[in-house]
Amino acid sequence: MRIVNTFISESADIPDYTEISLRQARNLNPDVIIDFISLRPANYFNELHVNWIDQQTISSDLLDNFRSVCWFDRHDTPNTTYPSPVGFWQKTAERIYYLQDYIRQFNLKDVIHFENDVLIYDKLEAIKTNDYMMAIPMSANKSTFAFCYIPSSAAITSLCSYFNWLLSHYGESQLTSYMRDHI
C-alpha cells in the first residue's frame, strides 16, 4: 500500500492542516511510502519521510483534454462558511488527473489518496481492498475523493477517460442537473 496525496494550486503554500493530516497518517503507518504532488515541498516533508513530486513534472493528454472540455473554472467560489478560492473546483478535479498520470508513469498499485483535511485513524492495512476503485459516498448520488483506494493505473485511467467523455459529450446544462458545479 502507498499513499499519494496532492495539493494542486497556482499557489505554492500548502495549507497548515495538511501537516496534521500527514503526521497522523505517518504515525499510524510508519512504513508506508508517502508521495505528495505539489508546486513545492513543505518544510516538514523530510521529517515525515514524504517524497515530494513537483506538479510541474506531470502532464498528460488526459489532463490537457480535461482542461479543454471542463467548465468548472467558470464558476465562482462555493458558497460555504469558509469559501474556497476562485478555481477551486477546477483544481480539485485536476488533482485526479495528476494522480492518474503519476500512478501511470510508475505503474503503481494499491494507492490510497485522501484529502489534506482528512485524518486517518487506523493502519491502512486494515482496509479491505479489491480490484475496483473505491471512493467514499457523500450522498445518495454523489461520491467524494476525500478518501479513495486506487488498485491500478488502469482503474484511474478509465475513470479520467470517462469524466472527459462525459464532459465532452454532454453540455454543462445537461450535466449540472446531476453534478451541480463539479464532478
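All figures in this text were calculated on a predicted structure; none of them were measured in a lab. Side chains are part of it too, since the values below use all heavy atoms of this structure and drop only hydrogens, waters and symmetry mates.
The pair Glu19-Arg26 fails the salt-bridge criterion, with no side-chain N (NZ, NE, NH1 or NH2) lying under 4.0 Å from an Asp/Glu carboxylate O.
Within a 6.0 Å radius of OH in Tyr17, other residues, nucleotides and ligands contribute more than 12 heavy atoms.
Closest heavy-atom contact between Leu63 and Ser60: N-OG, 3.0 Å. The minimum heavy-atom distance between Arg2 and Asp35, with the atom names listed, is NE-OD2, 2.7 Å. Closest of all the heavy-atom pairs between Phe7 and Asp13 is CE2-O, 3.3 Å. A pairwise comparison of heavy atoms in Ile8 and Lys91 identifies O-CB, 3.4 Å as the closest pair. Between Cys148 and Ala135, the shortest heavy-atom distance links the atoms CB-CA, 4.1 Å. Residues Thr57 and Gln105 share a closest heavy-atom pair of O-NE2, 4.3 Å.
To the nearest 0.5 Å, atoms CD1 (Ile103) and SG (Cys160) are separated by 9.0 Å. One finds the NE2 atom of His113 at 10.5 Å from the CZ atom of Phe147 (value rounded to the nearest 0.5 Å). Between His169 atom NE2 and Tyr162 atom OH the span is 11.5 Å, to the nearest 0.5 Å. One distance of note links CD1 of Ile58 with CD1 of Ile53; it measures 7.0 Å at 0.5 Å rounding. Distance check, rounded to the nearest 0.5 Å: OG of Ser153 to CG of Asp101 gives 10.0 Å. His49 contributes atom NE2, which lies 10.0 Å from atom CD1 of Ile34 (distance to the nearest 0.5 angstrom).
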Under 3.5 Å, which donor-acceptor pairs do the side chains of residues 115-134 form with other protein atoms, sequence neighbours left out?
residue, atom, partner, partner atom, Å
Glu115, OE2, Arg95, NH2, 3.0
Asn116, ND2, Thr6, O, 2.8
Asn130, OD1, Tyr132, N, 2.7

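Using a distance-only test at 3.5 Å, with no hydrogens or angles considered, no donor-acceptor pair links the side chain of Trp52 to the main chain of Ala42. Within the 3.5 Å criterion, the main-chain N or O of Phe36 finds no donor-acceptor partner in the side chain of Asn5. Remark: the backbone N or O of Leu62 is paired with a side-chain donor or acceptor of Asn164 at under 3.5 angstrom.
Between Phe114 and Ile3, the closest side-chain pair of non-hydrogen atoms falls below 4.5 Å. In this structure the side chain of Thr92 never reaches within 4.5 angstrom of the side chain of Phe145, judged on heavy atoms. You'll find the side chain of Leu39 reaches within 4.5 Å of the side chain of Gln56, heavy atoms only.
Following chains of ILVMFWY side-chain contacts shorter than 4.5 Å, one can reach Ile96 starting from Phe66, so the two form part of one hydrophobic cluster. Neither Tyr149 nor Leu108 shares a network with the other; the hydrophobic side chains, linked directly or stepwise wherever heavy atoms of I, L, V, M, F, W or Y lie under 4.5 Å apart, form separate groups for each.
For the residue pair Asn65 / Tyr97, no side-chain donor-acceptor distance below 3.5 Å is found, with atom types taken as modelled.
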